[in-house]
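Data first, discussion second: the structure below is written as structure tokens.
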Amino acid sequence: MLTKQQIRYCLDKMGEMFPNAHCELVHRNPFELLIAVVLSAQCTDALVNKVTKRLFEKYKTPEDYVAVPLEELQQDIRSIGLYRNKAKNIQKLCAMLIEKYNGEVPKDRDELMKLPGVGRKTANVVVSVAFGIPAIAVDTHVERVSKRLGFCRWSDSVLEVEKTLMKKIPKEEWSITHHRMIFFGRYHCKAQSPQCHVCPLLDLCREGKKRMRKRDENSAGAK
DNA sequence: AACTCGGGGCA
DNA sequence: TGCCCAGAGTT
């Protein structure tokens with residue numbers, strides 16, 4: 001496991017690599033963000049943005065989503081994977097917002113997680129991006145990068161990864177941190193092809209050094 | 001902890 | 001055409 005100082009160094013480097021790291025989902029208010037993040041599960045942000053661009057012209061409020069037949073909403077988001085379930089969840093979610101939350105998006109993470117289709121990752125993104133509440137949303141990028149670099153243990157569950165990161169990173173940096181780590185994971189420390197050979201963090205990265213050793217052995221064996 | 005739910009993008 | 005993308009809910 002890396003020390004707090006080493007982790008800080010890593011995060012600073014990620015900030016230099018991705019100075020414009022931010023939430024890529026299109027949204028103009030907390031409600032639109034919530035819808036966009038629910039849609040983004042198991043799906044790329046680019047694809048979600050394509051759909052929400054049209055979607056948000058047609059649907060402005062929770063009432064708008066429950067006013068149409070389920071089949072119509074499903075058709076409107078059809079180009080997204082898992083669209084049948086997501087459409088159902090969104091209608092149920094909107095009904096709950098109207099009934100229990102006065103049509104507003106709750107600012108509390110645990111309240112958000114009671115909504116269908118909203119898990120811990122989604123709830124953390126919403127509170128941090130929409131309401132500026134410090135939170136670290138652990139998606140597959142954050143988890144993979146944390147484990148490779150040694151921010152946490154390999155055996156940590158998603159929840160344990162989040163707890164460990166919160167312990168090791170100053171609270172006021174949680175939100176920017178998860179955006180940096182997501183960009184770093186998506187564009188550099190990729191799942192199948194991490195760019196270890198040009199990585200400024202290689203010296204600190206146990207997994208990266210292991211991979212580079214393996215690569216050297218393979219190229220030597222090939223000769 | 002393992003499984004299921006999927007269409008879009010790319011090679 | 002087949003692989004990669006990337007969470008929530010259930011058992």
Side-chain angles (χ1 to χ4, degrees), chain A residues 14 18 21-27 32-55 65 70-97 105-106 108-130 135-149 151-165 175 177-196 207 211:
Chain A
M14 290 180 200
F18 302 99
H22 63 286
C23 179
E24 292 181 298
L25 294 171
V26 176
H27 64 282
E32 286 191 356
L33 178 71
L34 176 60
I35 298 296
V37 187
V38 168
L39 289 175
S40 78
Q42 287 298 94
C43 175
T44 59
D45 287 356
L47 184 56
V48 172
N49 283 337
K50 236 179 238 182
V51 170
T52 54
K53 198 174 180 187
R54 293 183 286 104
L55 198 70
Y65 286 93
L70 175 59
E71 294 72 25
E72 186 175 338
L73 181 57
Q74 287 175 330
Q75 289 308 307
D76 288 337
I77 63 170
R78 188 165 21 85
S79 52
I80 297 213
L82 312 177
Y83 65 92
R84 296 179 192 87
N85 283 330
K86 286 177 182 176
K88 277 185 208 167
N89 284 338
I90 286 173
Q91 284 201 326
K92 200 177 296 180
L93 178 156
C94 287
M96 288 175 67
L97 289 185
V105 178
D108 182 65
R109 214 254 321 276
D110 295 322
E111 290 301 314
L112 283 163
M113 286 178 64
K114 293 178 185 173
L115 300 169
V118 180
R120 198 174 181 85
K121 181 259 181 181
T122 296
N124 276 333
V125 171
V126 170
V127 295
S128 72
V129 175
I136 300 177
V138 179
D139 65 354
T140 57
H141 298 301
V142 174
E143 179 177 3
R144 182 181 66 252
V145 168
S146 296
K147 291 183 175 181
R148 280 183 178 162
L149 278 169
F151 288 10
C152 67
R153 278 180 266 272
W154 270 107
S155 57
D156 279 352
S157 66
V158 175
L159 189 59
E160 288 168 334
V161 173
E162 186 185 326
K163 299 285 181 205
T164 304
L165 293 178
S175 296
T177 288
H178 87 241
H179 289 132
R180 283 178 181 171
M181 291 182 74
I182 285 167
F183 271 66
F184 182 77
R186 183 179 299 153
Y187 299 115
H188 184 83
C189 192
K190 295 184 263 193
Q192 307 301 325
S193 55
Q195 308 294 299
C196 303
E207 177 67 14
R211 283 170 177 271

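All values below come from the heavy atoms of this structure, side chains included, with hydrogens, waters and symmetry mates left out. Proteins come first, then strands; the chains are lettered A, B, ... in the order of their sequence lines, and each starts at number 1.
Between A:K121 atom NZ and C:dA8 atom C1' there is a gap of 11 Å when expressed in whole angstrom units. In this structure, A:R120 places its CZ atom 16 Å from C1' of C:dG9, rounding to the nearest Å. The interatomic distance linking A:Q75 (CD) with B:dG7 (C1') rounds to 13 Å, in whole Å. Rounded to whole Å, atom P of C:dA8 lies 12 Å from atom CG of A:L159. Atom-to-atom, NZ of A:K88 to P of C:dG7 comes out at 22 Å; the value is rounded to the nearest Å. Atom NZ in A:K86 sits roughly 8 Å away from atom C1' in C:dG7 (whole-Å rounding). Taking atom CG of A:L39 as the reference point, atom C1' of C:dA8 lies 13 Å away to the nearest angstrom. In this structure, OH of A:Y83 is placed 6 Å from P of B:dG7, rounded to the nearest angstrom.
Minimum atom distance to the side chain of A:T140 is reached by C:dG7, of the listed B:dG7, C:dC4, C:dG7. Looking at the side chain of A:Q192, the nearest of the listed nucleotides B:dC5, C:dG7, C:dC5 is C:dC5.
A heavy atom lying under 4.0 Å from DNA chain B marks the following residues of residues 43-50 of chain A, by number: A:L47, A:K50.
By the 30° and 60° cut-offs, the orientation of the rings of A:F18 relative to A:Y187 is tilted.
Of the candidates A:V48, A:V26, A:I90, A:I35, A:I35 is the only one forming a side-chain contact (heavy atoms from CB on, under 4.5 Å) with A:L55.
Under 4.0 Å is where a charged nitrogen must lie from a carboxylate oxygen, and between A:E143 and A:R120 no such pair does. Remark: A:E111 engages A:K114 in a salt bridge, criterion side-chain N to carboxylate O under 4.0 Å.
Within the 4.0 angstrom heavy-atom criterion, only backbone atoms of the sugar-phosphate kind lie near A:R186; the bases stay farther away. At the heavy-atom level, A:G119 lies under 4.0 Å from the strands shown only through sugar-phosphate atoms. Contact annotation for A:V118: backbone-only contact, meaning every heavy-atom pair under 4.0 Å involves sugar-phosphate atoms and none involves a base.
The nearest heavy atom of DNA chain C to A:N89 and to A:H141 marks one nucleotide each, and the one closer to the 5' end goes with A:H141.
The phosphate of B:dG6 (OP1 or OP2) has a side-chain N or O of A:R84 nearer than 4.0 angstrom.
With both ends at atom P, the span from B:dG8 to C:dG9 equals 23 Å, rounded to whole Å. Across B:dG6 and C:dT11, the matching P atoms stand 16 Å from one another, rounded to whole Å.
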Mind running side chain to side chain contact (heavy atoms under 4.5 Å, CB included) on A:R54 and A:S79 for me, showing each step along the way?
CA-CA 12 Å; A:R54 293 183 286 104; A:S79 52; 4.3 Å; yes
Give the C-alpha distance, both sets of side-chain angles, the deciding distance and a yes or no for side chain to side chain contact (heavy atoms under 4.5 Å, CB included) between A:M14 and A:V145.
CA-CA 11 Å; A:M14 290 180 200; A:V145 168; 3.9 Å; yes
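Heavy-atom neighbours of A:K92 NZ from other residues, nucleotides or ligands within 6.0 Å: at or below the threshold of 12.
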